[in-house]
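A short write-up of the structure that comes next.
Throughout, residue positions are numbered sequentially from 1 according to the sequence presented.
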Amino acid sequence: MTGGDGGRGPGRRGILRAGAAALVLGTAGCTGGTRPQPTATSPTANPATSPAGTPAERPTETPTPTPTPLPQPPLWQPGPGEIQPDVKRRAVELVAALGAWPPGGQGVEAARARVAALGLPPALADQAGPLAPAATEASLEVIVAQYGGILDDSASVLVVCRQWRRGPDGSVVEGGTTVDVRLGRAEPRWTVTDLRPGDAGPAAAAPPPAVARVLAEPRIELPPEAAADLRSGTVHDSVLEAMLRLAGPYTLSVSVVRTGHPLDVFGTTRPSDHPLGRAFDVWRIDGLAVVDPGTSRQLIASFMRDAASAGSYNVGGPVALQGAGNQFFTDDTHHDHCHVGFDH
């Protein structure tokens, strides 16, 4: 017999080793095979499907847009040079109470309560007219308060307003009016006796050609009511042409044209030229308030003379000038603006 192990068969120990190797190879083969596919109810199901296996289509919620806030300008206050400043302040307080309210503050009853809080007759709210449009919210800017007239015991203050209100669709709608506030002397403060908001009416189908030129002129500043007067076609060409002529050397801030002004010259029975569409008032020249004592009297006098040269027969203001007839005049009412009137 040949010696050594090279010629022998595997034996029992060799068989055991072969079996162990086979087990190892079999395990390695499983790791390289195909994995079982998860079912629809498996925890590893596609997250893009709903529990029922259909595509997840959750409704998209459209956020409600936040409404644009209404402007909130500070309340107008009388400056230096005013005659009886608290008379104007009283008129402005009332107009602000009637023409501005927070969301949900609309309606006559709420307006009456705001007026009563000022110590004024609540019934004045019933005279608000266009100052109180149908809206859930409104804000107000008093552009200027000027005298329509002032006497010892009575006064007319023309409160020139720009107003914003909330439209039915949530938009911001801009407008405005001029209110003739009538007051009487009382203690401790003057009281309001009457309220007369202006209403220029609808725009004319074919206003005079000069209207478009005035409205487009950047050196002529018009509040909402005055601009509506021009669009109504009820303002004479003499007024329009004078505005354009004066806008050459000056920037004009107009307060009142036709509506919002007393029908008669205050304290008289003499008809005013304003309601006839034959006059306009200027409260600021070149950005400087006529009432302000710091505004050059020479500037105001120059403007008044140039207004006469533009065809005005009746020019009023805070400066006493010499002229034929009643071409120039001054009084307490006109210490805060220049009046430019025409007889045709």
**Study point:** Qualifying residue, where the test is side chain to side chain donor-acceptor pair (under 3.5 Å) with Asp86 and the options are Gln84, Arg90, Arg89
**Key:**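 Answer to the side chain to side chain donor-acceptor pair (under 3.5 Å) test with Asp86 among Gln84, Arg90, Arg89: Arg89.
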Check [X] against [Y] and note the closest heavy-atom contact, atom names and distance.
X	Y	value
Glu225	Thr177	OE1-OG1, 2.8 Å
Tyr147	Ala155	CE2-CB, 4.5 Å
Asp281	Val340	OD1-N, 4.4 Å
Pro197	Ala128	CG-O, 3.2 Å
Leu98	Ala125	CD2-CA, 3.7 Å

**Study point:** Lys/Arg-Asp/Glu bridge criterion (N-O < 4.0 Å) met for Arg189, Glu93
**Key:**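 Result for this pair is yes, salt bridge flagged.
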Practice item. Under the side chain to side chain contact (heavy atoms under 4.5 Å, CB included) rule, what do Asp180 and Thr178 come out as? Steps first, then yes or no, please. Key: CA-CA 7 Å; Asp180 178 5; Thr178 296; over 6 Å; no
Practice item. Can you sort out the partners of Arg114 under salt bridge (Lys or Arg N to Asp or Glu O under 4.0 Å), two or more places apart, ordered by chain and number? Key: none
Which residue pairs pass the side chain to side chain donor-acceptor pair (under 3.5 Å) test with at least one member in [range], sequence neighbours excluded?
range	answer
residues 195-217	Asp194-Arg196
residues 227-241	Asp229-Thr259, Ser232-Thr234, Thr234-Arg258
residues 123-136	Arg112-Asp126

**Study point:** Same apolar cluster: Leu75 and Leu118, side chain cutoff 4.5 Å
**Key:**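 Yes, Leu75 connects to Leu118 through the hydrophobic network.
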Exam field: side chain [X] to backbone [Y], donor-acceptor pair closer than 3.5 Å:
X	Y	answer
Gln106	Ala134	no
Lys88	Pro78	no
Ser309	Arg305	yes
Arg185	Asp152	yes

Study note, to complete from the structure: Those residues at least two apart in sequence (or on a different chain) that pass side chain to side chain contact (heavy atoms under 4.5 Å, CB included) with Pro168 are none
Point to revise | Contacts of Asp264 that satisfy side chain to side chain contact (heavy atoms under 4.5 Å, CB included) - sequence neighbours left out | key: Pro271
Review point. Parallel, tilted or perpendicular for Phe329 and His339, by the 30°/60° rule?
Key: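 If you compare the ring of Phe329 with that of His339, the planes turn out tilted.
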**Study point:** Residue from His261, His274, His337 passing side chain to side chain contact (heavy atoms under 4.5 Å, CB included) with Leu158
**Key:** His261
**Study point:** Worked verdict on Thr295 versus Arg284 for side chain to side chain contact (heavy atoms under 4.5 Å, CB included)
**Key:** CA-CA 10 Å; Thr295 299; Arg284 196 166 59 180; over 6 Å; no
Check your understanding: Are His334 and Asp332 close enough, and set up right, to give a side chain to side chain contact (heavy atoms under 4.5 Å, CB included), and what steps lead you there?
Key -> CA-CA 5 Å; His334 294 83; Asp332 284 351; over 6 Å; no
Review point. After noting the C-alpha distance and the side-chain angles of Val172 and Glu174, does the key distance pass the side chain to side chain contact (heavy atoms under 4.5 Å, CB included) rule?
Key: CA-CA 7 Å; Val172 178; Glu174 183 175 342; 5.8 Å; no
